[in-house]
Amino acid sequence: MSSLISASGLSKNYGDKLALDNISFEINEGAPVALVGPNGAGKTTLFSLMCGYIFPSAGELQILGNKPGSRQLFGQLAALPQDAQLDPRFSISHQLTFYGQLQGLSKSEANKESERVLELVGLSDVLKQKPMDLSHGMRKRATIAQALLGKPRIVMLDEATAGLDPIHAREVRELVSALSSEATFILSSHDLSELERLCGQVLHLDQGVLTEHSAQSRVSDNTHFFTLQLNQSYPNVEQVLQQLQNVNRVYMSQSKEYVVEYQKSDSAFDISLLECCHEQGWQYRQLINGHTLENQIFHKR
Amino acid sequence: MHPKRVAHIAGFELVRLFLTKRGLLSVGAFLICWLLILRYPIAESGTLLSSTEFAGFFDSVFGAIGLSKLLTWAESELAVYWLIALYSFPSFCLFLSSDQNVGDKQRGTLRFLTLRASRSEILFGRFLGQVLILALLILFTLGATLAVLSFRDPSLFATALPRSLSLFAYLLISVLPFIALMGFFNTFAGTARSAFVFAVLFFAGGGILVSLVVWQIPALGFLNLAFPGYQLDQMAGQNAGALLGIGLPLGQTFILLLLAQRVFARSAL
């Protein structure tokens with residue numbers, strides 16, 4: 001795996017406000033990477049720094065071995081910046097063809113490429129329309145399409161599914177999943193379950209401070225976790241689960257959701273857990289092997 | 001800078017003006033104004049300026065304001081065109097080129113562009129696009145004036161053509177610093193309107209300030225050279241040398257573009 005992005009001691013101030021505080025991380029080629037955090041945590045600042053829209057106050061940032069915004073990255077790094085809009089005066093295909101030409105494609109190649117990416121996001125039938133004639137969701141998909149032009153190695157999507165209906169949000173997720181072998185996606189979203197499904201590495205920003213997580217739950221050598229989500233609230237769940245063999249501790253992470261920490265043994269603990277649910281008459285909704293991303297980030301216990 | 005990307009960006013500016021509704025409306029308004037100018041001052045100039053009745057009057061008025069050389073032109077339509085175009089194109093170009101980058105910056109479209117072209121390429125591409133637009137508009141109005149002139153006296157066409165080419169070159173060079181000035185204001189203005197307001201403040205406020213300074217310290221008279229169009233009065237009467245008529249606007253353009261490039265390269269998008 002080669003390093004695509006590396007940041008070291010990166011800070012960004014807006015006047016007195018510290019938006020990013022001495023963060024360091026590395027992103028390698030491969031599975032999509034999630035960037036999560038509450039509003040104002042510094043996600044868009046980090047995206048903007050990586051795209052070269054703004055400049056760091058301190059530290060170093062390298063994208064494919066180059067400074068952000070350098071010409072070597074044209075066509076290699078694509079992005080959907082939050083709230084960026086296409087020009088309302090031109091048709092979508094006209095603008096995408098223009099972008100393709102700037103990326104070095106000939107007029108006919110750029111034309112074909114814009115048709116291809118618009119088809120990917122399900123907008124083949126409106127390619128001659130202007131952005132203002134489209135719904136919010138369609139406009140969003142058109143801006144996602146511009147990020148897929150050519151063969152970028154890194155695609156950064158800031159809140160790509162925000163404002164999309166569930167069907168199109170799902171289509172975008174499927175698209176990211178399907179294209180993740182061709183490019184490394186960096187996604188920011190408030191939908192943690194979406195990121196959990198798509199991403200391997202998770203960068204969590206809070207008040208400008210970065211922590212890293214794995215979307216595939218943290219597992220130590222001896223201690224393992226299951227997250228049990230029940231359909232409704234039942235009495236004494238924690239006490240009953242605590243009685244199971246090899247269980248170290250049980251706690252309620254949120255309403256109707258329990259984290260069970262257990263010691264690995266030869267027996268299949270998940271089977272015991274499900275049998276216990278059956279015996280108690282508990283209807284379970286989901287059994288997750290490990291922690292949910294949400295619990296990893298927000299319920300550190 | 002990659003010349004192909006600069007050319008694509010410049011070409012897109014032409015499309016923006018000639019193939020969009022808003023652009024076509026601006027062109028339409030421009031054409032109507034020039035139709036009136038061609039029909040009245042320019043078309044009537046041939047009769048008026050060659051009339052013996054008014055000869056003395058024009059001699060004294062044009063002489064008093066340093067325009068007597070223009071009266072010696074047999075192509076009087078071109079003389080009137082020159083006077084009107086020399087002052088109207090710079091003002092029109094302040095309006096026309098007030099939104100070089102600021103609209104795209106506000107909308108976020110510039111963020112898509114900077115992933116595909118450098119900021120310098122965008123800045124110079126847009127500048128070049130505006131220059132091409134102005135060149136086309138000047139050529140169009142000049143061509144129409146030539147047509148009016150040839151209609152009155154076809155024999156004048158042969159001498160009017162080379163003179164027109166020279167006027168075209170001088171006019172185009174004169175508008176360059178105005179476009180560059182708007183490009184510079186576009187690097188930090190919030191909207192096209194505020195870029196235009198900056199331009200008005202620059203010319204009005206800056207002009208007053210420099211006049212006061214020069215009044216107190218006459219040695220600082222060179223500060224006037226900072227204002228695009230400083231040479232227009234001299235040029236109007238064909239009294240400006242090459243240094244003033246060509247060197248000054250080219251120098252101003254170079255400095256303004258350099259300043260714009262420096263500010264744009266460091267600004268947050």
Side-chain angles (χ1 to χ4, degrees), chain A residues 12 14 44-45 47-56 63 68-91 94-107 110 130-132 142-147 149-150 152 154-156 158, chain B residues 1-27 99-126 128-129 187-188 191-192 261-269:
Chain A
K12 177 68 186 173
Y14 292 108
T44 299
T45 298
F47 257 101
S48 299
L49 283 169
M50 290 195 278
C51 291
Y53 302 146
I54 54 173
F55 307 100
I63 317 275
S70 63
R71 65 199 65 222
Q72 286 82 359
L73 298 176
F74 297 158
Q76 300 280 311
L77 173 91
L80 164 66
Q82 200 179 17
D83 299 330
Q85 298 289 328
L86 292 169
D87 195 321
R89 288 166 287 182
F90 301 96
S91 72
H94 189 111
Q95 294 186 66
L96 264 53
T97 301
F98 170 56
Y99 293 157
Q101 284 180 286
L102 287 180
Q103 285 179 215
L105 301 176
S106 69
K107 174 105 184 182
K130 292 176 182 168
M132 293 310 284
T143 53
I144 293 172
Q146 69 74 38
L149 280 169
I154 305 169
V155 181
M156 301 201 284
D158 196 0
Chain B
M1 272 201 292
H2 197 290
K4 216 172 171 181
R5 281 199 290 266
V6 174
H8 279 310
I9 293 166
F12 202 75
E13 287 303 286
L14 290 180
V15 177
R16 196 195 295 270
L17 186 71
F18 294 111
L19 294 182
T20 66
K21 206 186 286 175
R22 206 167 110 186
L24 282 174
L25 275 174
S26 308
V27 173
D99 186 3
Q100 291 180 41
N101 291 307
V102 70
D104 278 353
K105 189 161 75 177
Q106 214 178 13
R107 201 187 304 114
T109 316
L110 213 47
R111 293 180 163 202
F112 298 139
L113 280 172
T114 52
L115 294 172
R116 296 166 171 101
S118 71
R119 295 186 186 202
S120 298
E121 286 164 352
I122 295 169
L123 185 85
F124 293 122
R126 294 261 162 111
L128 201 63
T187 58
F188 54 84
T191 59
Q261 192 265 341
R262 292 290 158 93
V263 176
F264 196 39
R266 286 163 177 75
S267 62
L269 298 180

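These numbers come from a predicted model, not from an experiment. First the proteins, then the strands, lettered A, B, ... as listed; each starts at 1.
More than 12 heavy atoms of other residues, nucleotides or ligands lie within 6.0 Å of CE in B:Met1, so this atom counts as buried by the packing criterion.
Between A:Phe98 and B:Phe12, the ring planes lie parallel to each other; the angle is under 30°, not in the 30° to 60° tilted range.
Across A:Phe74 and B:Thr114, no two heavy atoms sit closer than the pair CE2-O, 3.6 Å. Shortest non-hydrogen contact noted between B:Arg119 and A:Gly52 is NH2-O, 3.0 Å.
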Listing, residues 76-87 of chain A side-chain donor-acceptor contacts under 3.5 Å, not counting sequence neighbours, or none:
unit_1	atom_1	unit_2	atom_2	d
A:Gln82	OE1	A:Thr44	OG1	3.0
A:Asp87	OD1	A:Arg89	N	3.0
A:Asp87	OD1	A:Arg89	NE	3.2
A:Asp87	OD2	A:Arg89	NH2	3.4
A:Asp87	OD2	B:Arg16	NH1	3.2

Would you mind writing out the side-chain donor-acceptor pairs for residues 262-269 of chain B within the sub-3.5 Å range, not counting sequence neighbours?
unit_1	atom_1	unit_2	atom_2	d
B:Arg266	NH1	B:Arg262	O	3.2
B:Ser267	OG	B:Phe264	O	3.0

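For the set A:Gly104, A:Pro88, A:Ala147, A:Ser70, the count of heavy-atom pairs under 4.5 angstrom toward chain B peaks at A:Pro88. Across A:Gln95, A:Gln146, A:Arg71, A:His94, the residue that shares the most heavy-atom pairs under 4.5 angstrom with chain B is A:Gln146. In terms of heavy-atom pairs under 4.5 angstrom with chain A, the leader among B:Ile9, B:Leu19, B:Asp104 is B:Ile9. Comparing B:Arg5, B:Lys4, B:Arg107, B:His8 by how many heavy-atom pairs each has under 4.5 Å with chain A, the most go to B:Arg107.
Here the straight-line distance linking atom CD of A:Gln101 with atom CZ of B:Arg116 works out to 12.5 Å at 0.5 Å rounding. Here the OH-CG distance, from A:Tyr53 to B:Leu110, works out to 9.0 Å after rounding to the nearest 0.5 Å.
With contacts defined as side-chain heavy-atom distances shorter than 4.5 Å, the pair B:Leu115/A:Tyr99 does not qualify.
Interface residue A:Ser48: only side-chain heavy atoms are found under 4.5 Å from chain B.
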The test is side-chain contact (heavy atoms from CB on, under 4.5 Å); show your working for A:Leu102 and B:Glu121 and say whether it passes. CA-CA 11 Å; A:Leu102 287 180; B:Glu121 286 164 352; over 6 Å; no
